[in-house]
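As a basis for the values below, the full set of heavy atoms in this structure was taken, side chains included, without hydrogen atoms, waters or symmetry mates. Proteins get letters first, then strands, A, B, ... in listed order; numbering begins at 1 in each.
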There are 2 protein chains.
Amino acid sequence: MKSYMQILRKKNIKPTIHRIKVLEYLDKNRVHPSADEIYKSIKEYFPTISRATVYNTLNLLSENKIVEEIITPDALRYDFVEKQHHHFYCTECRKVYDIHAELPELEIDEVEGHKVMSVQYCIVGICKECLEKTGGGFK
Amino acid sequence: MKSYMQILRKKNIKPTIHRIKVLEYLDKNRVHPSADEIYKSIKEYFPTISRATVYNTLNLLSENKIVEEIITPDALRYDFVEKQHHHFYCTECRKVYDIHAELPELEIDEVEGHKVMSVQYCIVGICKECLEKTGGGFK
DNA sequence: TATAAATTTATACTTTGTCAATATTTATAT
DNA sequence: ATATAAATATTGACAAAGTATAAATTTATA
């Protein structure tokens, strides 16, 4: 069993119950949820947690690279970081898919004078499932 | 002088005054504005335009690849498309910079069964200017 | 000119995220 | 163990970003 407390301690983050719950939720629900989805889900079995705590915690976790912040054309999504992979965003159903295909990597820490903290591919399109539903009848 | 009407007609989009104004604004203000910034600016000299029209128009233009939608950790930004380049987002000042450096290109129209409409790099970090202001004192 | 189609407006609403003040919990020193 | 300080969490208000819908206006077409 994973020790969320250890993961947090390793980064010098005090492992409060809320932080552990958010981390556990992301580990066990690999569906790239938004902050609000995380908030609502945790609230169900842990009703005193507040929205601001979830937002604060997600920022803290992603600053410390314990979770990854995924940029999409709508809200930010979050993913428990294990190994490097990419994401595909479907404009129809708004789901985010993991992409394990090998894509050219971009390992830079500086570009044109700017300090780079992270680089993501944003692959946007229409997912397999949505294509099947309509027979590819999107334009 | 550029003919915005022609650009629109080429894509079979009826060139209404609002659409021309939005396109003109993006052409003449290459600062990667958000939809709301565009709305407010146009409204100043063209006060009857409505917010929904700007949002509708931007969606129409980006679906037709006349403008590019730039994904950032906060709002969507828009850019008049001329030649392919990348973008850098500063988490401090929230400005978006054009990046003309050569980055490995990813020309795919399909990945793991999903249909790809567009691929962007999202380069996130702290920009030159903000670094200078603080002597690089960000963590 | 009448009608239909496309576009725009206005407004209300939802979602997403931030902020600030207060309250609670935890850690530290006495 | 208790007082104090520091760190966290809560609440609620707020702001920004974007969507939806119905009504109004404009444009195209018969």
Side-chain angles (χ1 to χ4, degrees), chain A residues 4-5 8-9 11-23 25 32-44 46-64 66-67 69-78 89 91-96 124, chain B residues 4-5 8-9 11-23 25 32-44 46-64 66-67 69-78 89 91-96 124:
Chain A
Y4 303 111
M5 284 182 63
L8 294 169
R9 283 222 186 85
K11 300 276 186 169
N12 277 314
I13 297 169
K14 201 182 292 176
T16 68
I17 183 65
H18 304 90
R19 289 168 179 171
I20 291 170
K21 285 292 165 192
V22 169
L23 196 48
Y25 182 83
H32 315 100
S34 68
D36 236 57
E37 281 162 13
I38 297 167
Y39 166 65
K40 281 172 189 152
S41 300
I42 293 181
K43 205 174 167 58
E44 274 177 37
F46 199 81
T48 68
I49 200 167
S50 82
R51 184 184 305 267
T53 297
V54 172
Y55 277 89
N56 289 341
T57 299
L58 287 169
N59 284 333
L60 188 64
L61 294 179
S62 60
E63 274 162 23
N64 282 277
I66 297 173
V67 306
E69 203 177 70
I70 305 168
I71 299 168
T72 81
D74 53 83
L76 289 178
R77 308 294 185 84
Y78 294 90
Y89 173 86
T91 54
E92 288 301 313
C93 64
R94 301 169 146 224
K95 270 210 281 276
V96 171
V124 177
Chain B
Y4 303 111
M5 284 182 63
L8 294 169
R9 284 223 186 84
K11 300 275 187 171
N12 277 312
I13 297 169
K14 200 182 290 176
T16 68
I17 182 67
H18 305 87
R19 289 168 180 171
I20 290 169
K21 285 290 165 195
V22 170
L23 196 49
Y25 183 83
H32 315 100
S34 68
D36 235 58
E37 280 163 13
I38 296 167
Y39 165 66
K40 282 172 189 152
S41 300
I42 292 181
K43 204 175 167 58
E44 273 178 38
F46 199 80
T48 68
I49 200 167
S50 83
R51 185 183 304 268
T53 297
V54 173
Y55 277 89
N56 289 341
T57 299
L58 288 169
N59 284 334
L60 188 65
L61 295 179
S62 57
E63 274 161 24
N64 282 279
I66 296 171
V67 306
E69 202 176 70
I70 305 168
I71 299 169
T72 81
D74 53 85
L76 289 177
R77 308 294 186 82
Y78 294 89
Y89 173 86
T91 54
E92 288 302 312
C93 63
R94 300 170 147 221
K95 270 211 280 276
V96 170
V124 177

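- Look at CG on A:N56: it is 14 Å from C1' on C:dT16, rounded to the nearest Å.
- Taking atom CD1 of residue B:I13 and atom P of nucleotide D:dA28, one finds them 15 Å apart after rounding to whole Å.
- Looking at heavy-atom distances under 4.0 Å, B:A52 makes contact with a base.
- A:I70 and A:Y78 make their closest contact through CD1-C, 4.5 Å (heavy atoms, listed as atom of the first residue, atom of the second, distance).
- Between A:R51 and C:dG17, a side-chain N or O to OP1/OP2 separation shorter than 4.0 Å is absent.
- Put simply, B:H18 has no side-chain N or O that comes within less than 4.0 Å of OP1 or OP2 on D:dT26.
- One atom, CD1 of B:I17, and another, C1' of C:dA6, lie 17 Å apart when rounded to the nearest Å.
- At whole-Å resolution of the value, CG in B:D36 and C1' in C:dT16 are 14 Å apart.
- Across the protein-nucleic acid pair, B:L76 atom CG and D:dG18 atom P stand 5 Å apart, rounded to whole Å.
- Take the nearest nucleotide of DNA chain D for B:K14 and for A:S50: the residue whose nucleotide is more 5' is A:S50.
- Contact annotation: A:T48 reaches the phosphate of D:dT10 (side-chain N/O to OP1 or OP2, under 4.0 Å).
- For A:L8 and D:dA7, the CG to P distance is 17 Å, given to the nearest whole Å.
- Note: OH (A:Y78) to P (C:dT16) measures 11 Å, nearest angstrom.
- To the nearest angstrom, C1' of D:dT21 lies 17 Å from OH of B:Y55.
- Distances shorter than 4.0 Å separate none of the side-chain N or O atoms of A:T16 from OP1 or OP2 on D:dT8.
- Using a 4.0 Å heavy-atom cutoff across all strands shown, B:R19 reaches sugar-phosphate atoms only and no base atom.
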